[in-house]
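Worksheet: one structure, shown below.
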2 protein chains.
Amino acid sequence: MRPTMKDVASAAGVALKTVSRVVNGEPGVHPATAERVRAAIERLGYSRNESARVLRRGRTATIGLVIEDVADPFYSGLSRAVEDVVIEHGCLLLSGSSGEEPGRERELVETFCARRVDGLIVVPAGDDHTYLRPELEAGTPVVFADRPPGAGLDVDTVLADNAGGARQAVRHLMAHGHRRIAFLGDDPAIFTAAERLRGYRDELGELYDERLVAMRAPSAEAVHADLERMFALDEPPTALFTGNGRYTVTTLRALERRRVALVGFDDFELADLLDPGVTVVAQEPAWMGRVAAELLFRRLGGDTGHSEHVELPVRLIVRGSGELPP
Amino acid sequence: MRPTMKDVASAAGVALKTVSRVVNGEPGVHPATAERVRAAIERLGYSRNESARVLRRGRTATIGLVIEDVADPFYSGLSRAVEDVVIEHGCLLLSGSSGEEPGRERELVETFCARRVDGLIVVPAGDDHTYLRPELEAGTPVVFADRPPGAGLDVDTVLADNAGGARQAVRHLMAHGHRRIAFLGDDPAIFTAAERLRGYRDELGELYDERLVAMRAPSAEAVHADLERMFALDEPPTALFTGNGRYTVTTLRALERRRVALVGFDDFELADLLDPGVTVVAQEPAWMGRVAAELLFRRLGGDTGHSEHVELPVRLIVRGSGELPP
DNA sequence: CTGAAAGCGCTAACAG
DNA sequence: CTGTTAGCGCTTTCAG
């Protein structure tokens with residue numbers, strides 16, 4: 001089996017505690033003794049068992065991250081930023097993808113909690129988070145990112161200005177002469193989709209027409225069908241506003257080479273290389289991840305103030321598709 | 001503090017061990033007793049402390065994954081697949097990005113090992129992995145993915161057919177009449193880059209001209225400069241072969257709207273929407289991740305056969321850019 | 001069917 | 001400067 005501190009201790013002819021001191025760089029060990037211990041460690045190939053340490057100290061130095069899907073560029077960008085902050089703080093990251101399934105989200109969170117992660121960053125899939133109550137009461141800080149928790153939970157949140165971004169997109173298209181602007185977005189059960197719809201609707205005001213709205217999961221078939229339906233209207237849309245990165249891409253594919261004005265929510269790689277370049281309302285996933293992680297570590301550092309609600313601005317990037325005339 | 005098994009035991013008026021039996025679904029507990037225990041668990045909000053369990057049982061039910069960068073679509077696709085397999089096996093995934101730095105790779109691996117992960121999947125950044133020796137001797141299975149370990153380490157590997165893919169790309173361009181085919185790739189210190197160069201060179205044979213080869217990190221400036229240099233030659237290239245996804249994108253950007261035949265290694269989203277569509281040699285990161293993870297779990301299941309070396313095929317996807325005439 | 005005791009490998013508290 | 005002791009919360013072993 002693997003050598004333990006006890007083995008190192010007898011190999012070096014010292015007490016267990018002395019080895020512990022050397023391993024943890026605690027002061028008060030004679031240099032010569034320390035050297036003997038280090039030699040024994042080297043010789044036996046000893047490495048501290050963190051599990052035992054965790055059990056004794058009560059902190060795992062581990063953060064849990066639940067996102068929707070690591071393979072989605074938005075979330076992988078967020079993950080990487082979280083990871084960087086976590087490492088800076090000498091911790092490790094346990095992460096999992098919920099796949100937009102509330103049950104999976106809950107399982108992941110509960111498994112992370114059973115492992116006693118020191119803190120949790122969650123992009124929720126569901127809208128009932130009462131199951132987190134005991135964990136919060138036990139003192140585990142939790143930060144929700146991208147989407148808020150279900151009702152009745154008072155935790156820190158880091159969200160983007162979804163409604164404001166949607167307003168900006170619509171305003172931009174209207175400034176370029178459009179009056180018939182369609183919105184293609186995800187199921188409004190998803191917070192961000194609902195918020196973007198709200199912004200779209202608010203900005204359009206009188207011009208709002210529900211026939212120009214389609215909200216469901218962005219399959220190629222769904223998007224194709226929705227576009228066909230809208231373009232067959234008496235007054236078809238002259239511009240499109242797509243509700244997220246995946247929607248934008250699916251829509252561009254469905255449009256084939258038809259040139260229709262388009263603004264998408266979320267930036268994506270190569271948006272600039274398409275013809276025309278795709279005008280987008282860009283979020284910064286890495287920024288969101290970093291802010292959420294830093295907030296979490298502030299809580300871990302002892303900040304027990306009121307829950308904070310950060311709203312990250314978004315910005316319009318003009319590239320051509322949003323400036324096409326009606 | 002949090003309730004422990006002991007607390008549950010006294011609340012239910014049974015012994016510690018009985019609670020343990022109920023929590024673990026072990027047989028041999030009277031239904032009525034079990035019910036009392038479950039009620040106490042519910043009432044106290046008890047959840048088992050996995051750290052203590054791990055310490056006692058010696059298995060963490062955790063797999064470590066070291067990749068280059070989660071934010072890179074290739075690795076995030078691989079990650080997601082690994083994660084799925086890991087979850088299927090009731091385990092959790094600890095992951096980290098090396099950022100192509102050997103030191104960071106080693107730190108991550110060692111930290112994972114100190115946490116006693118049950119197994120490790122590594123996309124190495126460095127080429128010396130002797131530091132893994134003690135871990136391997138302790139019986140921790142390790143699978144290398146995408147790139148092999150440094151000399152002297154006999155472990156399982158899952159690699160793509162890099163050289164074959166490069167040969168395929170070159171053959172395709174030659175079949176379309178090209179004789180001056182440039183190669184833009186990463187630093188050949190990176191295994192995949194070196195292998196692709198090898199395939200490119202082999203296939204070109206007599207036509208190989210080192211002036212048409214540029215290998216370094218794909219910054220916009222570097223690629224721009226390399227292209228300028230090559231296009232200024234007496235016999236400039238009529239086609240380009242780019243060594244990975246990031247290189248392809250950087251090169252497309254540097255080319256602006258110049259139409260040059262191009263085949264890229266790695267597929268990427270929107271390759272089909274560009275004009276012309278980008279012909280690529282595609283790998284399947286999710287497949288690689290799944291194969292690596294399944295191999296790892298076979299080892300964890302007790303398979304102690306010789307180390308395996310899986311080579312995953314790649315496939316050419318024809319979209320237009322690779323079929324442009326000289 | 002139930003329980004008491006030992007101990008996983010480490011750190012905290014306190015002596016020497 | 002060094003060592004001893006107790007115990008983190010659980011599972012394992014063995015005894016009722």
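Here is the naming used below: chain letters follow the sequence lines, and residue numbers restart at 1 for every chain.
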- Can you tell me if the side-chain N/O atoms of A:T18 get under 4.0 Å from OP1 or OP2 in D:dT2? no
- Message: Can you tell me if B:S20 touches the phosphate of D:dT11, counting only side-chain N or O atoms and a distance under 4.0 Å to OP1 or OP2?
- Response: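 Yes, B:S20 has a side-chain N/O under 4.0 Å of OP1/OP2 on D:dT11.
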Salt-bridge criterion met for [X] and [Y] (N-O under 4.0 Å):
X      : Y      : result
B:R2   : A:E135 : yes
A:E110 : A:R116 : no
B:E294 : B:R290 : yes
B:E50  : B:R48  : yes

Interatomic distance where [atom1] belongs to [X] and [atom2] belongs to [N] [whole Å]:
X      : N      : atom1 : atom2 : result
A:R21  : C:dG9  : CZ    : P     : 21 Å
A:R115 : D:dC10 : CZ    : P     : 14 Å
A:K6   : C:dT11 : NZ    : C1'   : 16 Å
A:L16  : C:dA13 : CG    : P     : 16 Å

Listing, residues 26-33 of chain A side-chain donor-acceptor contacts under 3.5 Å, not counting sequence neighbours, or none:
none

- Query: To 10°, what angle do the rotation axes through the five end pairs on each side of the helix from C:dC1-D:dG16 to C:dG16-D:dC1 form?
  - Reply: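 Angle reported: 40°, given to the nearest ten degrees.
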- Task: Return the nearest nucleotide to the side chain of B:K17; candidates are C:dG9, D:dG3, C:dA4.
- Result: C:dA4
- With a 4.0 Å heavy-atom cut-off, tell me which residues in residues 37-64 of chain A come close to DNA chain D, sorted by residue number. A:L55, A:R56
- Residues from residues 24-36 of chain B sitting under 4.0 Å of DNA chain D, heavy atoms only? B:N24
Between [X] and [Y], a side-chain donor and acceptor under 3.5 Å:
X      : Y      : answer
A:N49  : B:R115 : no
B:S97  : A:E83  : yes
A:S307 : A:D156 : no

- Quick one: does A:R2 reach the base of C:dG9 with a side-chain donor-acceptor pair under 3.5 Å?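 Answer is no: no donor-acceptor pair is held.
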- Query: Is the count of non-hydrogen atoms from other residues, nucleotides or ligands lying under 6.0 Å from A:D127 atom CG greater than 12?
  - Reply: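 Atom CG in A:D127 is not packed in, count stays at 12 or less.
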- salt bridge (charged side-chain N to carboxylate O under 4.0 Å, His left out) partners of A:D118, counting only residues at least two apart: none
- All pairs passing ring pair (Phe, Tyr, Trp, His ring centres under 6.0 Å) where residues 55-104 of chain A contributes a residue, at least two apart: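 Ring pair (Phe, Tyr, Trp, His ring centres under 6.0 Å) check on residues 55-104 of chain A returns A:H89-A:F297.
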